[in-house]
Amino acid sequence: MKKNFTRYLITSALPYANGPIHIGHLAGVYVPSDIYVRYLRQRGKEVISICGSDEHGVPITLKARQEGVTPQNIVDRYHEVNKKAFQEFGITFDIYSRTSNKIHYETASEFFKILYEKGIFIEKTTRQYFDEEANAFLADRYITGTCPHCGNGNAYGDQCEQCGSSLSPQELIDPVSTISGNKPVLKETTHWYLPLDRYEKWLRKWILEDHKEWKPNVFGQCKSWLDQGLQPRAVSRDLDWGVPVPVEGAEGKVLYVWFDAPIGYISATKELTGKWEKYWKDESTRMIHFIGKDNIVFHCIIFPCMLKAEGSYILPDNIPANEFLNLENEKISTSRNWAVWLHEYLEDFPGKQDVLRYVLCANAPESKDNDFTWNDFQNRNNNELVAILGNFVNRTIVLTHNYFKGCVPEISDLLKTDSEVLDEIRNIASRVTDSLENFRFREAVKLTMDLARLGNKYLADTEPWKLIKTDEARVKTILNISLQITANLSILMDPFLPFSMEKLRNFISFNEISWDLLGSHELLKAGHQIHNAGLLFEKIEDEQIRAQKDKLLITRKNHLKEEPVKEQKPEISFEDFSKMDMRTATIIHAEKVPKTKKLIKMQVDTGMDKRTIVSGIAEYYDPASLIGRKVCVLTNLAARKIKGIESQGMILLSENPDGTLHFVTPADEAVNGAEIN
RNA sequence: GGCGAGGUAGCUCAGCUGGUUAGAGCGCAUGAUUCAUAAUCAUGAGGUCGGCGGUUCAACCCCGCCUCUCGCUACCA
């Protein structure tokens, strides 16, 4: 299936414009994509790199409402922050566009229209709750009402947080719109669906047979989706923020964000160049999507179906999705502020873009989730960038200045060791090339560092500082070769460490970066004058690392405190309250319910009886530690079957903003069966 | 529960379609060295390749079962 491609279209997942960029995004998507793009440019390939902000969707409207500003306001803010951060970090998109642009509205609209006119979509009319005062259909979580199962008066349209049952809005008794507080009415609404199921056969062949070379995590995920069977998927929804559905009578409807976002790649290309069609519609273009694993289904299944349905577009040739990056052993979480934010890193470590690029690449989550730790960051900087690479370059340049006044000396006779080293430059370069071609970026960056290691070893083996006293000609050869290694490094490492390599090329007054030059033994001609060396990298001290770790812990602690406390529920009468029969009780037996993640089955002594209660606390409590524990129990809650076990009541637990559960514990003096009033 | 991806030296990870003594970097120990940001170079110690069973002349790599982690999903909460 090797095709002859003559140009490249590289896309990087459009960051969602409701927050800043963190190291997880970088390691998963933008660092690999930028390395690849820079590499292609150095090879002289025709390539464009596309990215931009994804600015539609419900979360942005929610955030806007929370802050009392317009959605446009929110996306303007993050678009600027992220665009600037990417640029400063050296991510070289040819364009960083945005989906609130006019050109995107036109492109997305046009795309929809073509599919619409081809009769691709299925049209379905359903009844949804509508708020007449706000004049808007209500998303599930904008509706509250009484839970039909447990009677909780404050259940949401999608689920009841009290009894945990998942609901649909129509099941709620006495639904209320949280926007206006009014009672919503059921109203018919029509939406369009992309019948993914009709493309299943085609997808199976295209992915499972024609693209076996995709990464295992990507291929496996696709297979999983295909085996589960695809469903038609709504491409429109009732919302006032997004690209309007370009069909008569579709007022108040916009394209679903998953539909318009990938089209953003197309509109960004249009914005970049009038010749956009040769990138999107010419079979000799190789399109590659860089994404994180959360985006696999959209880029491997849905977007290709859209392109296929439209008919005139090419399909992606590869989608090297990465897994996730953890931070200090915990999942990165925006809401818990457990992240290293790019814009903050750039402030805290000015001029150290390459250090982060290097660490994130060397430890990228290519085949499985990986961990970023500040200790590792420090170690890699100090032991690899400073000690191996920076040191080798510095030794070479200093020696050249000490012995030959900064003038590149000439080669005389080559010994076997010299030839072997020169051969090894070529060898490493070709292996780096191979790794990059196959999206193995961590392997690639490791190999480039091997070239610097080779340089250090060469110097240690040949010891020019000793020979200078007896054999100057030999020293000339040695330093010439060391300088050739240095010049080769400045090309080979440029995709990974662009800032430092530019600096290095200034040290040696060299400004070629063409990949074709790699392996050459004459990048620096004898007689060429080089500049003095500065430091390529500097050590990072423990103090800085400690500060970063402290910062993480502090922001997290503050975040927990500042997490807004949930609003009080609507008033109830004393009568309502007195309906509830709550007692103190003691757990007398507890065991994990087999084959579940969270469930523990308990026997509790309520004073009145001994009964079974099933509770979802296994993630926070060990069954053995529960026995003998005093708890509060809602005893007259209707029994409910959970995993085939009848749960007779509910144990009261408090839930922290981070989701952890904690028992509400009665004082020691309370006896079993004591009423709680 | 179903599906997917992982579980390889103290740590972070490589190991292509099964084939002789399982690799790298860091860390650790010992030695060499001083041109270099006390950096470098060499040598060494460390693994029953998650567990059990099977296929095979031969398995880290194939098959089955079990177990742990992550993700998606489900009549999970």
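Below, chain A is the first sequence line, B the second, and so on; all start at residue 1.
- Which of B:rU12, B:rC35, B:rA39 sits closest to the side chain of A:L399 comes down to B:rC35.
- Using cut-offs of 30° and 60° for the angle between ring planes, the A:F377 and A:F372 rings count as tilted.
- With B:rA5, B:rC41, B:rC70 as the choices, the nucleotide that has an atom nearest any side-chain atom of A:K293 turns out to be B:rC70.
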side-chain contact (heavy atoms from CB on, under 4.5 Å) for A:F537 and A:L497? Distances and angles first, verdict last. CA-CA 11 Å; A:F537 302 99; A:L497 308 171; 4.1 Å; yes
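- A:F537 comes within 4.0 angstrom of a base, heavy atoms only.
- Comparing B:rA22 with B:rC16, their P atoms sit 16 Å apart, to the nearest whole Å.
- Using a 4.0 Å heavy-atom criterion, one finds that A:E384 contacts the sugar-phosphate atoms exclusively.
- Candidate nucleotides B:rC35, B:rG6, B:rC72 were compared by shortest atom distance to the side chain of A:W225, and B:rC72 ranks first.
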Please write out the pairs of protein N or O atoms and N or O atoms of nucleotides 14-17 of chain B separated by less than 3.5 Å, giving the distance to one decimal.
| unit_1 | atom_1 | unit_2 | atom_2 | d |
| --- | --- | --- | --- | --- |
| B:rA14 | OP1 | A:S367 | OG | 2.3 |

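- Distance CD/A:E424 to CZ/A:R431: 7.0 Å, rounded to 0.5 Å.
- Comparing B:rC41, B:rU12, B:rC70 by their closest approach to the side chain of A:D369 singles out B:rC70.
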Could you list, one pair per line, each protein nitrogen or oxygen that sits under 3.5 Å from a nitrogen or oxygen of nucleotides 27-31 of chain B, together with the distance?
| unit_1 | atom_1 | unit_2 | atom_2 | d |
| --- | --- | --- | --- | --- |
| B:rG27 | OP1 | A:N383 | ND2 | 3.4 |

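- Within a heavy-atom distance below 4.0 Å of RNA chain B, the residues of residues 455-467 of chain A found are A:N456, A:K457, A:A460, A:W465, A:K466.
- Mapping A:Q221 and A:V386 onto RNA chain B by nearest heavy atom places A:Q221 at the nucleotide closer to the 5' end.
- The P atoms of B:rG54 and B:rG25 are separated by 38 Å, rounded to the nearest whole Å.
- Within 4.0 Å of A:K446, counting heavy atoms only, lie sugar-phosphate atoms of the nucleic acid but no base atom.
- With sequence neighbours excluded, the residues forming a side chain to side chain contact (heavy atoms under 4.5 Å, CB included) with A:E472 are A:F404, A:I468, A:K476, listed by chain and number.
- To the nearest whole angstrom, the two P atoms, one in B:rC11 and one in B:rA77, are 37 Å apart.
- Nucleotides B:rG15 and B:rC61 are separated by 15 Å at their P atoms, to the nearest Å.
- Rounded to the nearest Å, the gap between the P atom of B:rC63 and that of B:rC26 is 36 Å.
- The closest side-chain heavy-atom distance from A:N383 to A:I388 is not below 4.5 Å.
- Base contact: A:L536 has a heavy atom under 4.0 Å from a base atom.
- Of the candidates B:rU12, B:rU40, B:rG4, B:rG4 carries the atom nearest the A:S224 side chain, counting heavy atoms from C-beta on.
- Spacing between B:rC62 and B:rG19 at atom P, rounded to whole Å, works out to 11 Å.
- B:rC57 and B:rC52: their C1' atoms are spaced 23 Å apart (whole Å).
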Kindly express the pairing pattern of RNA chain B in dot-bracket notation, using | wherever a base pairs with another strand and counting only Watson-Crick or G-U pairs under 3.5 Å. (((((((..((((.....[...)))).(((((.......))))).....(((((..]....))))))))))))....
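- With sequence neighbours excluded, the residues satisfying side chain to side chain contact (heavy atoms under 4.5 Å, CB included) with A:A526 are A:E410.
- Comparing B:rG50 with B:rA9, their C1' atoms are spaced 15 Å from each other, to the whole Å.
- In this entry the base of B:rG54 is anti relative to its sugar, with a glycosidic angle more than 90° from 0.
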